[in-house]
Amino acid sequence: PIAGVAGFIAVIKNGIGIIKNFEKANSNLKAVSGATEEEMKTLMATSKALGSTTQFTATQVVGLQTEFAKLGFTVGQIEDATGATLDLAAAAGVELSEAASVAGATLGGFGLEASETQRIVDVMAKSFSTSALDMEKFKESMKLAAPVAKAVGVSVEETTALLGTLAN
């Protein structure tokens with residue numbers, strides 16, 4: 001009986017710790033994003049929903065949202081980009097913050113809207129599975145290639161295909 005009580009207490013403490021971490025992460029997101037109370041309710045609902053239906057926790061999703069906020073994304077843009085970026089992180093086997101950073105930088109490099117995140121993620125996932133291109137090579141290459149490609153009218157798909165060929 002004592003072991004059962006101790007186990008129950010440990011479960012309760014762990015649950016309280018998870019809640020505190022989630023609340024702290026949301027407080028940080030609010031500070032970085034400048035979101036209103038209503039916008040925070042929306043972001044929290046999204047993080048809870050994705051935290052219960054993906055391999056990532058709600059707190060990890062809030063961390064991803066915070067990364068997008070740091071990149072200057074609005075709450076609506078964060079909402080548009082979150083699900084696709086979770087897919088990218090899972091497919092590429094990278095941290096959520098890295099997936100957010102790379103996807104956000106690629107969107108910015110090509111002057112695309114956050115609503116185009118799924119397109120970017122699909123292009124990246126396809127290139128990673130069909131060439132020697134990986135997240136690190138993609139990230140480093142796009143720093144230089146994206147602005148030039150945008151300037152001369154080359155799409156993200158064409159640029160990524162060329163990078164994949166070079167990686168091979």
Side-chain angles (χ1 to χ4, degrees), residues 21-22 25-26 28-30 32-35 39-40 42-168:
N21 288 341
F22 182 71
N26 275 293
N28 187 41
L29 173 59
K30 184 172 179 19
V32 171
S33 68
E39 289 171 327
M40 282 306 299
T42 301
L43 289 171
M44 286 173 56
T46 298
S47 63
K48 287 177 183 177
L50 292 171
S52 67
T53 59
T54 67
Q55 71 187 51
F56 303 103
T57 67
T59 302
Q60 289 173 314
V61 175
V62 175
L64 168 77
Q65 293 169 329
T66 303
E67 287 300 317
F68 279 127
K70 288 177 183 177
L71 292 170
F73 281 43
T74 65
V75 171
Q77 291 172 324
I78 292 169
E79 285 287 304
D80 286 343
T82 298
T85 308
L86 290 174
D87 294 342
L88 173 62
V94 298
E95 297 291 322
L96 289 177
S97 59
E98 182 176 8
S101 175
V102 174
T106 304
L107 287 167
F110 282 92
L112 301 172
E113 297 294 321
S115 59
E116 295 283 335
T117 304
Q118 188 66 56
R119 172 183 166 201
I120 296 297
V121 167
D122 290 346
V123 168
M124 292 169 69
K126 177 78 171 170
S127 69
F128 298 165
S129 66
T130 60
S131 73
L133 198 60
D134 60 20
M135 182 65 83
E136 188 62 27
K137 291 174 189 166
F138 181 89
K139 176 175 73 174
E140 293 303 317
S141 299
M142 276 300 180
K143 285 180 185 176
L144 302 171
V148 174
K150 179 185 176 202
V152 296
V154 177
S155 72
V156 66
E157 290 84 359
E158 293 172 290
T159 304
T160 304
L162 291 170
L163 293 175
T165 301
L166 287 172
N168 288 343

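Bear in mind the structure is a predicted one, so any value in this text is a computation, not a measurement. For reference, positions follow the sequence shown, starting with 1. Just so it is clear, the values below take in all heavy atoms, side chains as well, and ignore hydrogens, waters and symmetry mates.
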Sub-4.5 Å side-chain heavy-atom contact between [X] and [Y]:
X	Y	result
Thr117	Asp80	no
Leu162	Leu166	no
Gln65	Thr46	yes
Met142	Leu163	yes

Identify the heavy atoms of [X] and [Y] that sit nearest to each other, and give their distance.
X	Y	answer
Ala149	Thr159	CB-OG1, 3.2 Å
Gln60	Thr57	OE1-N, 2.8 Å
Ala103	Leu88	CB-CD2, 4.4 Å
Ser33	Ala69	CB-CB, 3.8 Å
Ser127	Leu133	OG-CD2, 3.7 Å
Ala132	Asn168	N-OD1, 2.7 Å

ask   = Can you name the one residue among Gln118, Lys126, Arg119 that meets side-chain hydrogen bond (donor to acceptor under 3.5 Å, both in side chains) with Asp122?
value =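 The residue from Gln118, Lys126, Arg119 that satisfies side-chain hydrogen bond (donor to acceptor under 3.5 Å, both in side chains) with Asp122 turns out to be Gln118.
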task = Could you walk me through whether Glu116 and Leu107 pass the side chain to side chain contact (heavy atoms under 4.5 Å, CB included) test, one step at a time?
result = CA-CA 8 Å; Glu116 295 283 335; Leu107 287 167; 4.0 Å; yes
inquiry  = Could you go through Lys30 and Glu39, starting from their C-alpha distance and side-chain angles, then the distance that decides it, and tell me whether this counts as salt bridge (Lys or Arg N to Asp or Glu O under 4.0 Å)?
reply    = CA-CA 9 Å; Lys30 184 172 179 19; Glu39 289 171 327; over 6 Å; no
Just how far is it from atom [atom1] of [X] to atom [atom2] of [Y], taken to the nearest 0.5 Å?
X	Y	atom1	atom2	value
Ile120	Phe110	CD1	CZ	7.0 Å
Met124	Ser129	CE	OG	12.0 Å
Leu64	Glu98	CG	CD	12.5 Å
Ser101	Glu95	OG	CD	12.5 Å
Met44	Asn26	CE	CG	4.5 Å
Phe73	Glu113	CZ	CD	9.5 Å

key: Pair Phe56-Leu50, side chain to side chain contact (heavy atoms under 4.5 Å, CB included): steps then yes or no   = CA-CA 7 Å; Phe56 303 103; Leu50 292 171; over 6 Å; no
inquiry  = Whether the side chain of Ser52 engages the backbone of Ala49 through a donor-acceptor N/O pair (distance < 3.5 Å, no angle test) should be reported.
reply    =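 A pair under 3.5 Å: yes.
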task = Taking atom NZ of Lys139 as the centre, report whether more than 12 heavy atoms of other residues, nucleotides or ligands fall under 6.0 Å from it.
result = yes
